[in-house]
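So the structure is just underneath, and the comments pick up after that.
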Amino acid sequence: MEQPKLTRRGFLGATAATGAVAAMALAGCSSSGSSSSSAASQSATPATTIYAAPAYQSTTVNPVGNSSALMYAATLHVFEGLYDLDLHNYKTYKALAAEDDPEKISDTEYQVTLRDGAKFSDGTDVTAADVVASFEANMANETYGAFLSFIEAVTAVDEKTVSITLKYPFETLLKGRLAVVKVFPAALTPDQLDTAPIGSGPWKYDSVNGNDGGTITFKPNEYYNGSLPATCEEMDWNILLDSTSRTTAITDGSVMAIENVPDANAEQIANSGATVEYVPGFALPFFMFNTKKAPFDDPRVRQAFFYAVDTQKLIDSQMAGHAAAATSFLPEAYENYHRASTVYEYDTEKAKSLLAEANQENLTCELMVNNNWVSSLAAQIQQDLEAAGITVTINETQIPWANLAPSESILPYDVMLTPGDPSCFGNDPDLLMTWWYGDNVWTQGRSCWKGTPEWTQLQDLLQQAREEADASAQQEIWNQCFDIIAENVPIYPLFHRETGTAYISEELEDFAPISTTGLIFLGTTPLEK
């Protein structure tokens, strides 16, 4: 049976549109505290527990450098930054900060005063020293350090005030970037950060088992005095990696929300009475090439892969239409979108021509495929590549990211297919490009693209854009960056996916899906059936 194409506005039950998402992609439709659960009655009886089923696993709860799809969402409930990012609309709001904006002392110095009465979940006060320690740990982190490279130093002015000194003016992106750092007690040991960290957010960890089949249980932080307090006695996340298990959990009512709706089961979920919503965003599957290893050090070979794949067929057959072929690094819905100078439309003959130019007409390689949702794309990709003359062996596995570290030797892989979405940290182009193409583990030890002339040119342009105060001039520089990335494709998307979330609207008041991985229940109230 042909899979129904659900609209990006989702639908309630089997028929009626919820109308909640509209153009959520970056103008945003709903912020913390606003509701997309219009069916939830204001007079309904609050429930004691929020039940949810995330779709990803993780083994670390450390908030420093946290990039886990599971634990980053958990972190947002347990920790606060000076400012936090509302993933419903990508606007920042004050969290631990007392004022809406940092106090500008000069172009390169700002001060932030902490919220009166802010406490960690153990009852101790949040101090400027805690903020300084948290920033220093994140600035030294190989993942988050690149996001914070504009900061010269963070120091304590007094117990409740921190000073942030910048290397150069960074005003247009400052608050959003400060939101990357989540604050924890300076006294926590490395072991405590890895196993049982505490924060000042509305929730605290009660128990954590983030592995396959595991659970995370949250309890309210009784000392929290911010704007988004916990709304019930407990929050239980049952981690279900298997699509069938998540489908069963939402259709039988054992959970109130699931992420990563299986497209093949979307109609079944909707027919059970749950709401299914698709939100366009930055989520994507990408090819990553070992650019240190011949012939993948040749951009023509990398380009051939993208011309060879019938991306629209993948979208129609495997994503039920809930995606858009990449025409740039950014999706078209993003404010800073620029159509790249190189756009990869399906063209087998073009792929063959590029391979011939590179003397690679009989290329044989291994495609490492992450054993998650992208695995469903592998069979067609293999067929498409072989039609262009590339003999491909599929190696479906859990990607050993720890092994893809900076090394003088050539890494033991050819090409990788895996998903990613750093938009949970923010949606500004500098952040998103820095994630995959900055001076970090991605270019040092994964794509190994660092050090090429094109990589160096990109870094120079990114730095120019950071220091550019004029928005239109900044956009022009970013456009050059998008063109360089699209031409060289060391890491590049096949398409941008809509994020599917299913939830029982009658049981969740003030809940709305987001366009990236994770489920956000800040300000959400569970209701009795």
Side-chain angles (χ1 to χ4, degrees), residues 1-25 29-30 35-40 51-56 69 238-281 283-285 310-325 333 372-380 419 421 494-508 511-519 529:
M1 185 176 91
E2 183 179 353
Q3 182 64 30
K5 292 187 178 182
L6 313 186
T7 69
R8 67 183 60 200
R9 296 175 65 88
F11 56 87
L12 178 63
T15 55
T18 65
V21 176
M24 162 123 194
C29 70
S30 146
S35 175
S36 70
S37 306
S38 57
Y51 296 98
Y56 302 95
N238 185 16
I239 299 156
L240 299 175
L241 306 185
D242 178 68
S243 296
T244 300
S245 297
R246 289 198 308 283
T247 299
T248 300
I250 191 70
T251 56
D252 70 11
S254 59
V255 299
M256 299 167 171
I258 67 169
E259 68 171 324
N260 196 15
V261 169
D263 293 310
N265 299 338
E267 184 178 27
Q268 175 190 351
I269 293 170
N271 284 336
S272 75
T275 298
V276 177
E277 288 189 15
Y278 283 90
V279 183
L284 51 87
D310 188 345
T311 302
Q312 192 57 52
K313 183 178 177 181
L314 283 176
I315 292 170
D316 293 340
S317 63
Q318 300 300 323
M319 309 306 298
H322 294 297
N372 50 33
W373 66 268
V374 298
S375 62
S376 67
L377 309 177
Q380 185 204 306
D421 185 1
L494 289 165
F495 54 76
H496 293 99
R497 184 187 187 191
E498 296 176 359
T499 299
T501 303
Y503 62 101
I504 302 175
S505 58
E506 294 87 350
E507 296 181 21
L508 290 174
F511 173 81
I514 58 176
S515 64
T516 185
T517 53
L519 294 166
K529 294 182 181 180

Answer whether the closest heavy-atom distance between the side chains of [X] and [Y] falls below 4.5 Å.
X	Y	answer
M256	L519	no
Y278	D263	yes
I504	I250	yes
H322	F495	no

With [X] via side-chain contact (heavy atoms from CB on, under 4.5 Å) - residues at least two apart:
X	result
S243	R246, P262
A249	L240, S254, V255
Q380	D310, K313, L314, S317, D384

For [X], give me all partners under side chain to side chain donor-acceptor pair (under 3.5 Å), at least two apart in sequence or on another chain.
X	value
N238	none
S245	D242
T247	N265

- [ ] State the CD-OG1 distance between Q268 and T244, to the nearest 0.5 angstrom.
- [x]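 Between atom CD of Q268 and atom OG1 of T244 there are 8.5 Å.
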
TODO: Could you tell me the separation between the CE atom of M319 and the CG atom of L377, rounded to the nearest 0.5 Å?
DONE: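 Those atoms lie 6.5 Å apart.
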
- [ ] Spell out, as yes or no, whether a donor-acceptor pair under 3.5 Å connects the side chain of E277 to the backbone of T501.
- [x]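 Between the backbone of T501 and the side chain of E277 there is no qualifying donor-acceptor contact (under 3.5 Å).
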
Task: Side-chain (E507) to main-chain (K529) donor-acceptor, under 3.5 angstrom - done: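 Such a contact is absent between E507 side chain and K529 backbone.
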
Task: Donor-acceptor pair between D421 and T516 side chains, under 3.5 angstrom - done: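 Yes - a donor-acceptor pair under 3.5 Å links their side chains.
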
Please find the pair of heavy atoms, one from [X] and one from [Y], that lie closest to each other, and give the distance.
X	Y	answer
I315	A325	CD1-N, 3.4 Å
A55	N260	CB-CB, 3.7 Å
S515	T499	O-OG1, 2.7 Å
T275	S505	OG1-OG, 3.8 Å
V374	P285	CG1-CB, 3.9 Å

